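Accompanying notes for the structure given below.
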There are 2 protein chains.
Amino acid sequence: MKQTGDLALVKKMNTAIVLDAVLRYAPLSRAQISERTGLNKATVSSLVLDLIDNHLVADLGPGASSGGRKPNLLEFRASSGYAVGIDLGVNYIRGILTDLEGGVVAEHRLTLKAQNVESVIPRLLECIETLRARIPACPYGMVGIGIGVPGLVNESGTILFAPNLSWPEVPLRTIVEERFGVPVTIDNEANAGAQGEQRYGAGRGIANQIYVSVGIGIGTGMILNKELYKGAGGFSGELGHLSIHADGKPCRCGNQGCWELYASENALLEQSAPLGYHDLDALLEAAGRGEPEVLALFERIGEALGVGIANIVNVFNPDVVIIGNEMRRAEAWIEEAVQRTVARRALAHHRGKLQVLFAEQGEKSAVRGAAYYAISAFLGKMKGSGV
Amino acid sequence: MKQTGDLALVKKMNTAIVLDAVLRYAPLSRAQISERTGLNKATVSSLVLDLIDNHLVADLGPGASSGGRKPNLLEFRASSGYAVGIDLGVNYIRGILTDLEGGVVAEHRLTLKAQNVESVIPRLLECIETLRARIPACPYGMVGIGIGVPGLVNESGTILFAPNLSWPEVPLRTIVEERFGVPVTIDNEANAGAQGEQRYGAGRGIANQIYVSVGIGIGTGMILNKELYKGAGGFSGELGHLSIHADGKPCRCGNQGCWELYASENALLEQSAPLGYHDLDALLEAAGRGEPEVLALFERIGEALGVGIANIVNVFNPDVVIIGNEMRRAEAWIEEAVQRTVARRALAHHRGKLQVLFAEQGEKSAVRGAAYYAISAFLGKMKGSGV
DNA sequence: TTTCTTTGTTTACTAGACAAACAAAGTTTC
DNA sequence: GAAACTTTGTTTGTCTAGTAAACAAAGAAA
């Protein structure tokens with residue numbers, strides 16, 4: 001049985017349109033919504049009434065007249081509910097509490113000593129609990145939880161494979177949903193980061209954005225037409241395993257010459273070990289001092305990043321590519337090499353409008369994206385519910 | 001002004017659902033449509049009436065009873081109109097006439113001596129005219145024209161760049177539309193081929209399919225979720241310029257080590273020239289005789305194809321990859337190498353369900369896909385028109 | 001003051017989906 | 001072979017949501 005069209009669908013669509021207009025252009029009047037969306041004034045009035053009943057929109061009262069009756073300005077009620085976003089890292093858990101516009105109202109971060117499931121899950125639940133306790137009085141309370149994890153996740157929110165956590169299959173969504181009784185969304189850290197930058201960072205308002213999360217490995221999140229793209233079966237974005245040297249080093253994935261062997265934080269540290277540097281902080285500090293070998297190393301990594309980005313550009317022709325996660329911190333030392341390499345290798349036609357940027361949300365790209373999942377699921381449901 | 005929801009939209013959606021059911025499961029009764037789609041019986045009856053008025057569906061009269069009143073079976077009226085599909089090659093024009101189900105009812109092929117616009121366009125129009133003359137009497141006549149071209153095309157049907165034709169920008173859609181007065185769709189040959197295989201060939205019923213057109217260069221058409229995917233701005237699929245040897249040969253595109261430098265027909269002929277073979281036919285014949293150098297050459301090309309296909313698989317995780325265009329003719333000599341290379345290099349998780357196949361429609365993939373564009377545009381419009 | 005504008009609600013109407021009743025045309029059972 | 005049951009597809013009446021047009025409220029301009 002397919003999705004059939006009926007009146008409920010029409011109302012849902014139009015409610016979404018009205019709410020979207022309020023979100024984007026608030027404060028604005030019913031008349032402005034009508035004009036902007038093409039919906040009839042009466043329709044807008046009726047839908048706005050529903051939204052006010054649902055505590056999603058507030059009537060602020062009269063604004064300035066433009067030569068006739070004063071308009072009644074409307075506003076999105078961002079504080080009717082709160083969402084929790086979690087970035088589950090390899091050795092930390094970062095959590096935030098946001099309002100319905102995604103604005104951060106509280107943060108909580110904790111460091112993980114052990115990686116095993118038995119010790120991490122309780123701390124994760126505890127982190128969520130801490131944030132929940134800080135939700136102000138409001139109609140909806142905690143509307144949902146979004147979690148970004150360093151691994152592959154299937155549609156039902158089970159972690160299938162988390163190389164750096166070495167977990168077995170964990171049905172994380174079920175576990176968290178049963179504990180808190182609100183909808184939970186789980187996704188890969190790179191996808192969450194892509195959302196975070198798309199909604200609140202460097203990708204705002206840009207239709208086609210590719211987020212490259214350069215950490216221990218390389219992960220990617222692709223936003224195509226403002227929507228997160230998931231390949232067939234929900235798994236894709238394994239761009240870290242694009243081979244850029246067909247006859248190159250063997251990778252644990254079975255292929256040879258994978259991009260992440262040349263451009264990840266791991267690749268950087270492997271090459272810096274002989275120089276006596278064993279973490280990114282030390283390297284950044286050395287680069288700051290102007291150590292020539294370290295500068296050359298960063299340049300090499302920047303070039304390798306550029307090669308892979310040029311490939312991505314040739315395949316997807318995005319408007320913007322955003323480099324995030326740990327490697328973003330080396331912006332000052334790699335940017336020039338990245339830009340130069342992409343400019344030389346990407347197809348002329350695609351290069352025109354393309355921008356290569358660094359994550360604006362810094363280490364918060366993924367948490368904010370995770371919180372957005374929860375908000376988006378909640379608002380989607382509200383529009384659907386009609387009443 | 002965005003797309004708002006109204007009753008017309010609902011009707012359009014439901015009409016599409018009903019028509020789709022008839023296309024897929026004909027002959028079937030109104031009651032079966034209702035059950036299958038979840039639409040109310042009364043709704044189905046009313047929509048079917050409209051479709052019959054529009055000559056898109058025919059009532060065949062009573063079928064066998066299943067223990068009650070006999071059903072009235074319905075059928076799609078494929079011969080209510082005809083579409084023209086054109087494959088504009090570098091040295092040929094291939095045209096077909098199809099009914100609304102895509103069945104080929106006439107063909108016309110001609111060879112091009114010159115490639116310049118001035119001589120090709122008149123011959124193209126002449127080819128369409130010849131096919132139009134063969135349309136049987138029917139309610140709609142020629143419903144549209146689809147054309148596949150060897151180059152980049154923008155949304156308004158202008159050929160931007162056709163390397164092997166060396167044409168300037170040509171507003172082909174406008175030209176053909178003005179001449180024949182029916183909707184014209186222009187797209188890249190690889191996209192058309194992907195559609196042809198998706199609808200009538202090896203990709204039938206498969207949601208995520210990537211068609212690799214290996215000819216002079218390499219082009220690709222991607223079907224994701226049964227829909228042709230076009231990247232940002234409508235251009236994408238330049239997978240031929242994915243670099244597989246970052247330090248490899250320079251390509252005319254500016255990059256180095258592009259896939260098509262190692263796996264296209266051009267690459268094949270370049271490597272076979274020292275052996276004294278200058279076209280694919282001669283090579284196929286030599287391979288048939290068992291010439292060891294030629295067999296080794298095909299194996300090398302097969303491996304190079306496999307490297308690129310493994311990359312594609314890692315990015316998109318498709319259900320099937322279909323190799324088409326000229327190189328498909330070497331299936332017997334390259335298949336083993338391709339399969340072996342992909343199996344070794346693609347991520348284990350993606351390899352499971354993946355199939356690598358050769359185009360079933362042979363040299364007709366692109367023409368049939370082109371005709372499908374015209375049919376699809378026509379049926380889309382009919383559903384919209386309501387009446 | 002009078003007239004004009006702008007905003008947002010009310011009223012009357014329309015299209016299309018749906019449920020339920022029903023008619024038509026079978027088959028099965030006794 | 002009549003009565004009972006089934007299946008199909010139409011008819012009838014109801015409901016919902018969107019729209020146009022009229023209108024009321026409130027202010028600006030002349």
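In what follows, every chain begins at residue 1, and chains take the letters A, B, ... in the order their sequences are listed. Model, not experiment: these values are computed from the prediction.
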Sub-6.0 Å ring centroid separation between Phe378(B) and Tyr140(B): yes

Phe316(A)-Phe316(B) aromatic ring centre distance below 6.0 Å: yes

Using OP1 and OP2 only, check whether a side-chain N or O of [X] sits under 4.0 Å from [N].
{"X": "Asn14(A)", "N": "dG18(D)", "value": "yes"}
{"X": "Ser45(A)", "N": "dG8(C)", "value": "no"}
{"X": "Asn40(B)", "N": "dA19(C)", "value": "yes"}
{"X": "Ser46(B)", "N": "dG16(C)", "value": "no"}

Asp187(B)/Arg173(B) salt bridge by N-O under 4.0 Å criterion: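 Here Arg173(B) does not pair with Asp187(B) in a salt bridge, since their nearest N and O are not under 4.0 Å apart.
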
Basic-acidic side-chain contact under 4.0 Å: Glu360(B), Arg204(B):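 Between Arg204(B) and Glu360(B) there is a salt bridge, with a charged N closer than 4.0 Å to a carboxylate O.
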
Sugar-phosphate only, base, or nothing, as touched by Ala31(A) at under 4.0 Å among non-hydrogen atoms: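 Contact class for Ala31(A): sugar-phosphate only.
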
Between the first and last five pairs of the helix from dT1(C)-dA30(D) to dC30(C)-dG1(D), the angle of the axes, rounded to 10 degrees: 10°

Between [options], which nucleotide has the shortest distance from any of its atoms to the side chain of [X]?
{"X": "Thr43(B)", "options": "dC18(C), dT9(C), dA17(D)", "answer": "dC18(C)"}
{"X": "Leu47(B)", "options": "dG9(D), dG8(C), dA17(C)", "answer": "dA17(C)"}
{"X": "Leu7(A)", "options": "dT16(D), dC18(C), dG8(C)", "answer": "dT16(D)"}

How long is the line joining [atom1] of [X] and [atom2] of [N], in whole Å?
{"X": "Leu39(A)", "N": "dT9(C)", "atom1": "CG", "atom2": "C1'", "answer": "17 Å"}
{"X": "Lys11(B)", "N": "dG18(D)", "atom1": "NZ", "atom2": "P", "answer": "18 Å"}
{"X": "Leu49(A)", "N": "dG18(D)", "atom1": "CG", "atom2": "C1'", "answer": "16 Å"}
{"X": "Leu73(A)", "N": "dT7(C)", "atom1": "CG", "atom2": "P", "answer": "10 Å"}
{"X": "Asp6(B)", "N": "dT16(D)", "atom1": "CG", "atom2": "C1'", "answer": "14 Å"}
{"X": "Met13(B)", "N": "dA17(D)", "atom1": "CE", "atom2": "P", "answer": "16 Å"}
{"X": "Asn72(A)", "N": "dA24(D)", "atom1": "CG", "atom2": "P", "answer": "19 Å"}
{"X": "Asp59(B)", "N": "dG9(D)", "atom1": "CG", "atom2": "P", "answer": "8 Å"}

Contact list for residues 69-85 of chain A, test salt bridge (charged side-chain N to carboxylate O under 4.0 Å, His left out), sequence neighbours left out: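 Salt bridge (charged side-chain N to carboxylate O under 4.0 Å, His left out) check on residues 69-85 of chain A returns no pairs.
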
Side chain to side chain, Pro62(B) and Leu73(B), heavy atoms closer than 4.5 Å: no

Non-hydrogen side-chain atoms of Val143(A) and Leu100(A) separated by less than 4.5 Å: yes

No-H, no-angle donor-acceptor pair, Lys41(B) side chain to dG9(D) base, under 3.5 Å: yes

Under 3.5 Å: donor-acceptor pair, side chain of Asn54(B), backbone of Leu56(B): no

Atom pair CG (Leu379(A)) and OG1 (Thr15(A)), whose distance is rounded to the nearest 0.5 Å: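 Nearest 0.5 Å value for the CG-OG1 distance: 12.0 Å.
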
Annotated protein contacts, base or backbone, on nucleotides 25-30 of chain C with a non-hydrogen cut-off under 4.0 Å, one of B, S, - each: BBS---

Quiz item: cation-pi between Arg132(A) and Phe180(A), 6.0 Å / 45°: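 The answer is no, since Arg132(A) fails at least one limit relative to Phe180(A).
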
